[in-house]
Amino acid sequence: MIRIVLLLSSVSTTFSLPAVPSSGRSPAESMSILTGNQDSASLCGSMVLHQAICDSILLSVLTPSNTMEYVGGLCLTAALSLLATYLDSVKASLVRTRCARFMEQDTISSKDSSSPVLALAQKVRWTIRDKTVKAGLTFLSVLLKYLTMLIAMTFNIGLILAACLGYSLGSLLFEKDDEALSIAC
């Protein structure tokens, strides 16, 4: 690795290439990150997997300065992913409820279609209110998922594991076994 860095530095001086803007680290600091000889503070904001407590969590005011604040950031990350999974299950429940209401009102006979699920999907009519609620739940769920993704993009192992834990717990607590039926409607 050192040979490559030295070779590249000699090429840039030979051909007078413009300096590439760096991440604010000196070449020695960059080399210490590559070789693993660095302290955890130098890893904050870097794009390598690390375990440091100084990464901002979505906003600069949410930068932990001690272990308790970092644990709070872990809990926030897990809560965001848990809430996103909950909203997905509420949306699926809305769809299941709507389909069940239709099934009670109009019995589907096997003569109408070869597939009762397809016949149901064609006959269910969504009201404007139902569509608005479903769209609002989708918006909030996607927003929370993107915020969780941005937190995970800090490459902080603790935050990534907290997001995975939140999604796993949400799946365990909120998802029903009959989710496949809701896709038809």
Exercise for the section: Let me see the working for S168 and L172 under side-chain contact (heavy atoms from CB on, under 4.5 Å), right down to the final yes or no. Expected result: CA-CA 6 Å; S168 299; L172 182 69; over 6 Å; no

Practice task
Mind running side-chain contact (heavy atoms from CB on, under 4.5 Å) on T63 and D55 for me, showing each step along the way?
Solution key: CA-CA 6 Å; T63 304; D55 285 319; over 6 Å; no

Problem - Worked verdict on D130 versus R98 for side-chain contact (heavy atoms from CB on, under 4.5 Å) - result: CA-CA 9 Å; D130 289 340; R98 182 74 175 121; 3.4 Å; yes

Practice task
Take L74 and L161 through the test side-chain contact (heavy atoms from CB on, under 4.5 Å) and record every step on the way to the result.
Solution key: CA-CA 9 Å; L74 294 175; L161 292 177; over 6 Å; no

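A continuous path of hydrophobic side-chain contacts links L80 to L169 [ILVMFWY only; heavy atoms under 4.5 Å]. Linking Ile, Leu, Val, Met, Phe, Trp and Tyr whenever their side-chain heavy atoms come within less than 4.5 Å leaves L76 and V71 in two separate clusters.
Within 6.0 Å of the CG atom in L59, the count of heavy atoms belonging to other residues, nucleotides or ligands exceeds 12. Residue Y167 qualifies as enclosed at atom OH: its count of foreign heavy atoms under 6.0 Å is above 12. Heavy atoms of other residues, nucleotides or ligands lying less than 6.0 angstrom from CE of M149 number more than 12.
In this structure, the separation between SG on C54 and CG on N156 is 8.5 Å, given to the nearest 0.5 Å. Here the SG-CG distance, from C164 to L159, works out to 11.0 Å after rounding to the nearest 0.5 Å.
Residues T77 and L165 form no side-chain contact, since every pair of their non-hydrogen atoms from C-beta on lies 4.5 Å or further apart. In this structure, M153 and M47 have side chains that are not in contact, with every pair of non-hydrogen atoms separated by 4.5 Å or more. Counting heavy atoms from C-beta on, the side chains of T132 and I128 come closer than 4.5 Å. By the 4.5 Å heavy-atom criterion applied to side chains, S141 and L137 are not counted as neighbours.
Nearest heavy-atom pair, F155 versus V48, reported as atom, atom and distance to 0.1 Å: CB-O, 3.3 Å. Here the shortest heavy-atom pairing between L58 and L147 reads CD2-O, 3.6 Å. Across every non-hydrogen atom of A84 and K145, the tightest pair is CB-CG, 3.9 Å. Minimum heavy-atom separation, T154 to H50: O-CE1, 3.1 Å.
Donor-acceptor pairing under 3.5 Å is recorded for the side chains of Y70 and Q51.
In this structure a side-chain-to-backbone donor-acceptor pair under 3.5 Å is present from T138 to K134. Of the possible donor and acceptor atoms, one in the side chain of S81 sits under 3.5 Å from a partner among the backbone N and O of A163.
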